[in-house]
Chemist: 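To start, I am sharing the structure in question, which I have written as structure tokens.
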Amino acid sequence: MKNKIKILIFLLTSLVAVSNIFAAGGNRTGTAGAQELIIPVGPRGIAMGTGNVANSFGIEALYWNPAGAATLEHSVDIMFSHMNYIADIGVEYGAVATNIEGFGTLAFTLKSIAVGDIPITTTTNPDGTGATFSPQFITAGLTYAKQLTERIAVGFTANYLSETIDKVSTGGVAFNAGVVYKDLGDIPGLNCGVVLSNIGPKMTFSGSGLLVLSNQTDLARGPAYTSLNAAAFDLPSSFQIGLAYKPVIDEVNSLQFAGTFQNNNFSGDEYKLGAEYGYDNMFFVRGGYSLSPKSQDPDYIYGFTAGAGINYSLQGVALKIDYAFRAVKYIGDNQVFSIQLGF
């Protein structure tokens, strides 16, 4: 009972905090930086409409809700994924998680955005100077999750961000916190999840790319370099609360549904719906849809999602292969592949 009261206090505190942090949601659309933080990873969650706050567990939960990582299926799990993002941009992701008895789950993640080479242009060489630069965006995360009771799990993630664009760079930290409550209202299979994502200080670019050659005509000295001060930018913070339900069918067939409400500090609210059918815990088919009150607005580009997955055990090693498709307007659809190994 005491643990249930603690989790209720946590949920209420989170909601109160969100009312202050996200009060300006939508009023500053497009002004946040560090957009690599909101690029989803994990085909299962993407295929289910990116709404897996309450029904994502194990290593795949590290992005969606760190609390779900408390339920690790094996002593050590490893995951690799690749996403075909937009404009030939690739998103590479890797994670390793281990369950330490009596302590909890520790996990390390690494996400890299591969943009490729971009020609350098100037006012005098608008067609290119012949040189190129390659932006680099790397996010490294450390997660701790623990199962407090049979029903309650909590998780925390600290991410370090590194961004380099030609001759300027920046670094920063972002924090995520989540909780999962299983069998809500004593209803078997009904879960609730809450997540606060990307909370952290502002970031600022610096470097030699911000040096400008200035000529002081009113002083008795030659041209000198002056450093420009780049404006600081906020992180794309968000708050999510979701429900998931897995009814009991039989030992062979499984079905579950998930829904999530997401409030973003720098864009409109989103509603995410997803479903998954599983056969003999071996083959899975998934589908989902995300929408917002501005779904008819050309600025909202996401919609239908779908995917499939296979689970297989090979000589004591658990193997999972998943695929997801996400329809994206104007800039090209996303495709995601992943492989998981459990030992």
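All of these numbers come straight from a predicted model, not from anything done at the bench.
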Chemist: Looking at every heavy atom in both Ile59 and Ala97, which two are closest together, and how far apart are they?
Modeler: CD1-N, 4.0 Å
Chemist: Testing the basics here: between Leu210 and Phe205, what is the closest heavy-atom pair and its distance to 0.1 Å?
Modeler: CD1-O, 3.5 Å
Chemist: Taking Val41's backbone N and O only, do any of them form a donor-acceptor pair with Lys111's side chain (distance below 3.5 Å, no angle check)?
Modeler: no
Chemist: So which heavy atom on Gly178 is nearest to which on Asn65, and how close?
Modeler: CA-OD1, 3.4 Å
Chemist: Under a 4.5 Å cut-off applied to non-hydrogen side-chain atoms, are Val195 and Phe239 in contact?
Modeler: no
Chemist: Between Thr260 (side chain only) and Gly51 (backbone N and O only), is there a donor and an acceptor less than 3.5 Å apart?
Modeler: yes
Chemist: Any heavy-atom pair between the side chains of Arg44 and Gln340 that's under 4.5 Å?
Modeler: no
Chemist: Let's go through Val53 and Ile241 carefully: what are the C-alpha distance in whole Å and the side-chain angles of both, what is the deciding distance for side chain to side chain contact (heavy atoms under 4.5 Å, CB included) to 0.1 Å, and is it a yes or a no?
Modeler: CA-CA 7 Å; Val53 169; Ile241 182 168; over 6 Å; no
Chemist: Using only atom types and a distance under 3.5 Å, with no angle test, would you say the side chain of Asp183 pairs donor to acceptor with the backbone of Gly189?
Modeler: yes
Chemist: Tell me if the CZ atom of Phe108 is crowded by more than 12 foreign heavy atoms within 6.0 Å.
Modeler: yes
Chemist: If you compare all heavy atoms of Ser338 against all heavy atoms of Ser81, which two are closest, and at what distance to 0.1 Å?
Modeler: CB-CB, 3.6 Å
Chemist: Using every non-hydrogen atom in the two residues, find where Met48 and Ala258 come nearest and quote the distance to one decimal.
Modeler: CE-CB, 4.3 Å
Chemist: Do the side chains of Pro126 and Thr121 get nearer than 4.5 Å, heavy atoms only?
Modeler: no
Chemist: Taking atom CZ of Arg326 and atom CG of Asn84, what is their separation to the nearest 0.5 Å?
Modeler: 12.5 Å
Chemist: Same cluster for Val96 and Leu142 if Ile/Leu/Val/Met/Phe/Trp/Tyr side chains link at under 4.5 Å?
Modeler: no
Chemist: Test your reading of the model: is there a side-chain donor-acceptor pair from Asp333 to the backbone of Val328, 3.5 Å cut-off?
Modeler: yes
Chemist: With rounding to the nearest 0.5 Å, note down the distance linking CG in Asn265 to CG in Asn263.
Modeler: 7.5 Å
Chemist: Quick check: does any side chain N or O of Ser237 sit under 3.5 Å from a backbone N or O of Asn198, one acting as donor and the other as acceptor?
Modeler: yes
Chemist: Hey, any chance Leu243 and Tyr245 share a hydrophobic cluster, counting ILVMFWY side chains that come within less than 4.5 Å of each other, even indirectly?
Modeler: yes
Chemist: To the nearest 0.5 Å, what is the distance between OG (Ser208) and OH (Tyr225)?
Modeler: 9.5 Å
Chemist: Within the side chain of Thr105, is there an N or O that forms a donor-acceptor pair under 3.5 Å with the backbone of Asn99?
Modeler: no
Chemist: Would you mind reporting whether Phe137 and Gln35 have side-chain heavy atoms less than 4.5 Å apart?
Modeler: no
Chemist: Are side-chain heavy atoms of Thr157 and Leu62 found at a separation under 4.5 Å?
Modeler: no
Chemist: To the nearest 0.5 Å, what is the distance between CD1 (Ile331) and CD1 (Ile301)?
Modeler: 4.0 Å
Chemist: Going hydrophobic residue to hydrophobic residue with side-chain gaps under 4.5 angstrom, can you get from Ile38 over to Met83?
Modeler: no
Chemist: For Tyr277 and Asn253, indicate whether the former's side chain and the latter's backbone hold a donor-acceptor pair under 3.5 Å.
Modeler: no
Chemist: Within a strict 4.5 Å, meaning less than it, do heavy atoms of the Ile39 and Ile113 side chains meet?
Modeler: yes
Chemist: Set out, in order, the CA-CA distance, both residues' side-chain angles and the distance that settles side chain to side chain contact (heavy atoms under 4.5 Å, CB included) for Asp322 and Arg286, then state yes or no.
Modeler: CA-CA 10 Å; Asp322 291 299; Arg286 306 167 182 124; 2.9 Å; yes
Chemist: Suppose we call two aromatic rings close when their centres sit under 6.0 Å apart. Are Tyr289 and Phe304 close by that rule?
Modeler: no
Chemist: Passes side chain to side chain contact (heavy atoms under 4.5 Å, CB included), Val336 versus Tyr85? Steps please.
Modeler: CA-CA 9 Å; Val336 194; Tyr85 197 43; over 6 Å; no
Chemist: Please determine whether the number of non-hydrogen atoms from other residues, nucleotides or ligands lying under 6.0 Å from atom NZ of Lys146 exceeds 12.
Modeler: yes
Chemist: In this structure, are over 12 heavy atoms from other groups packed under 6.0 Å from Asp117 atom CG?
Modeler: yes
Chemist: Are any side-chain N or O atoms of Thr305 and backbone N or O atoms of Gly49, one a donor and one an acceptor, separated by less than 3.5 Å?
Modeler: yes
Chemist: Any chance you could measure Asn176, atom CG, to Asn159, atom CG, to the nearest 0.5 Å?
Modeler: 5.5 Å
Chemist: Show your working on side chain to side chain contact (heavy atoms under 4.5 Å, CB included) between Tyr302 and Thr50 and close with a plain yes or no.
Modeler: CA-CA 10 Å; Tyr302 301 111; Thr50 69; over 6 Å; no
Chemist: Group every Ile, Leu, Val, Met, Phe, Trp and Tyr by side-chain heavy-atom contacts under 4.5 Å, then state whether Ile321 and Val317 land in the same group.
Modeler: yes
Chemist: Just how far is it from atom NZ of Lys202 to atom OG1 of Thr170, taken to the nearest 0.5 Å?
Modeler: 13.0 Å
Chemist: Out of Tyr323, Phe284, Phe283, which one pairs with Ile310 under the side chain to side chain contact (heavy atoms under 4.5 Å, CB included) rule?
Modeler: Phe283
Chemist: I'd like to check Leu235 versus Met203 (side-chain heavy atoms, cut-off strictly below 4.5 Å). Are they in contact?
Modeler: yes
Chemist: Same hydrophobic cluster for Tyr279 and Phe257, using side-chain heavy-atom links shorter than 4.5 Å among ILVMFWY?
Modeler: yes
Chemist: Which pair of heavy atoms, one from Ala54 and one from Cys192, lies closest together, and at what distance?
Modeler: CB-C, 3.9 Å
Chemist: Going by heavy atoms in the side chains, are Leu37 and Leu161 under 4.5 Å from each other?
Modeler: yes
